[in-house]
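Chain naming here is simple, since letters A, B, ... match the order of the sequence lines and numbering starts at 1 in each.
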Amino acid sequence: ARADEMRGYAERLIDYAKRGDKDERAMRMADFWLTEKDLIHKLFKVLAPRFQPHAGSYTRLLQIPNRDGLDRAKMAVIELKGNPLPPLVRPRRDSDRTLLNQLLKGYRQDVQRARG
Amino acid sequence: VLVLVHSPLPRLRALLQRCWGRLERGLWPAVFGGQSPPWGPALAVQGPALVPQGISDTGAPSLLESVVWMAAPKQRRTIEVNRCRRRNPNKLIEIKRNIDVCPECGNLKQKHVLCGYCYAKVKEETRLIRMEIYKKEGGPFNAPTVETVVLYEGEKPTEKDEGKRIIERARKRPSWFVQN
């Protein structure tokens with residue numbers, strides 16, 4: 001829940017940063033929210049160009065297994081897309097060897113043979 | 001005070017007058033003329049003035065009459081009844097039907113949650129990379145204003161990684177970390 005809340009703040013901050021370096025309001029917002037002042041430079045020079053082509057979601061929110069301690073609390077992980085760190089989830093493509101895909105391939109071959 | 005009641009029946013009128021007279025005598029005895037003695041405050045208790053405190057030879061004098069009644073079970077609940085209550089389906093944990101096998105490592109995982117083992121691997125690797133970053137940066141407020149690239153042993157930066165700062169890790173590239 002906290003990660004979800006934070007996600008909104010982070011995305012809005014990036015939207016402000018996308019406006020540009022010289023924008024007065026964007027600079028004031030970034031200055032207020034980011035307490036470590038060197039991160040403001042990183043925001044405007046690295047993150048804004050990185051997310052310029054994307055229109056909306058710049059973060060990925062994933063759930064991890066419950067905490068190991070006594071409270072078994074729900075845990076979640078947030079990361080900015082396009083980061084240099086190792087990926088949390090590998091996008092998997094459907095393998096060609098599954099039964100359904102083999103049947104579809106056979107069907108496609110039959111149709112081509114019938115056409116030709 | 002005379003009440004003028006114009007009722008047609010004389011008997012009813014007489015009755016009303018008698019009732020009214022009795023009322024008057026009750027409310028203002030002094031006005032009437034002293035036939036009933038003046039009332040004054042009197043003791044409400046007619047019997048003995050003291051509430052009985054209990055016989056002195058029963059137990060210690062600290063016994064109080066104020067008893068508080070509380071609920072307590074009358075009979076022991078048998079083990080059969082106990083079992084029925086404890087094993088009633090609404091008290092058991094619900095069965096989960098959303099458990100799958102992680103395709104990477106083969107551990108079990110919930111469908112909407114990341115695999116614990118894979119996440120632990122990634123977490124450890126990220127921690128080591130961040131330690132390298134910390135060693136490179138030196139101080140607390142030295143975040144660079146360029147992108148970062150992580151290279152493992154024997155890898156050279158490509159043309160895409162032109163202006164980025166390079167973090168070296170002294171191990172070979174893990175199979176699950178694909179280089180872009």
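- For the residue pair B:V150 and A:P84, the shortest heavy atom distance occurs at CG2-O, 3.7 Å.
- In the hydrophobic cluster analysis, where Ile, Leu, Val, Met, Phe, Trp and Tyr join through side-chain heavy atoms closer than 4.5 angstrom, A:I40 is grouped apart from B:F141.
- Looking at B:P174, there are no atoms closer than 4.5 Å to chain A (heavy atoms on both sides), in backbone or side chain.
- The contact between A:L62 and chain B is made entirely by side chain atoms (from C-beta outward), counting heavy-atom distances below 4.5 Å.
- Surrounding CZ of A:R72 are more than 12 heavy atoms belonging to other residues, nucleotides or ligands, all under 6.0 Å away.
- Heavy atoms only, all atoms of each residue included: B:V122 and A:P87 are closest at CG2-O, 3.6 Å.
- With a 6.0 Å radius and a threshold of 12 heavy atoms from other residues, nucleotides or ligands, A:K74 has its NZ atom at or below the threshold.
- A chain of hydrophobic side-chain contacts below 4.5 Å, direct or via other Ile, Leu, Val, Met, Phe, Trp or Tyr residues, connects A:L80 to A:F44.
- Residues meeting the side-chain contact (heavy atoms from CB on, under 4.5 Å) test with B:E137, sequence neighbours left out: B:I133, B:N142, B:P144, B:R165.
- Other residues, nucleotides and ligands contribute at most 12 non-hydrogen atoms within 6.0 Å of the CZ atom of A:R25.
- The same ILVMFWY cluster, assembled from side-chain heavy atoms under 4.5 Å apart, contains both A:I14 and A:L34.
- Put simply, OG1 on B:T126 and CG on A:L88 are 7.0 Å apart, with the number rounded to the nearest 0.5 Å.
- Residues of residues 98-116 of chain A having a heavy atom under 4.5 Å from any heavy atom of chain B: none.
- The environment of NZ in B:K123 is sparse: at most 12 heavy-atom neighbours from other residues, nucleotides or ligands sit within 6.0 Å.
- Heavy atoms from other residues, nucleotides or ligands lying under 6.0 Å from CZ of B:R171 number more than 12.
- Interface residues of residues 94-102 of chain B toward chain A, defined by a heavy-atom distance below 4.5 Å: none.
- Listed in order of number, the residues of residues 107-118 of chain B that approach chain A to under 4.5 Å between heavy atoms are B:H112, B:V113, B:L114, B:G116.
- If you measure heavy-atom distances from B:Y119 to chain A, the contacts under 4.5 Å come from the side chain alone.
- Of all the listed residues (A:H41, A:K42, A:K45, A:R90), the one sharing the greatest number of non-hydrogen pairs under 4.5 Å with chain B is A:R90.
- Between B:E125 and A:P86, the shortest heavy-atom distance links the atoms CG-CG, 3.8 Å.
- A continuous path of ILVMFWY side-chain contacts below 4.5 Å connects A:V77 to B:I129, so both sit in one hydrophobic cluster.
- Placement of B:Y152 and A:L85 within a single hydrophobic cluster is found when ILVMFWY residues are connected by side-chain heavy-atom separations under 4.5 Å, directly or transitively.
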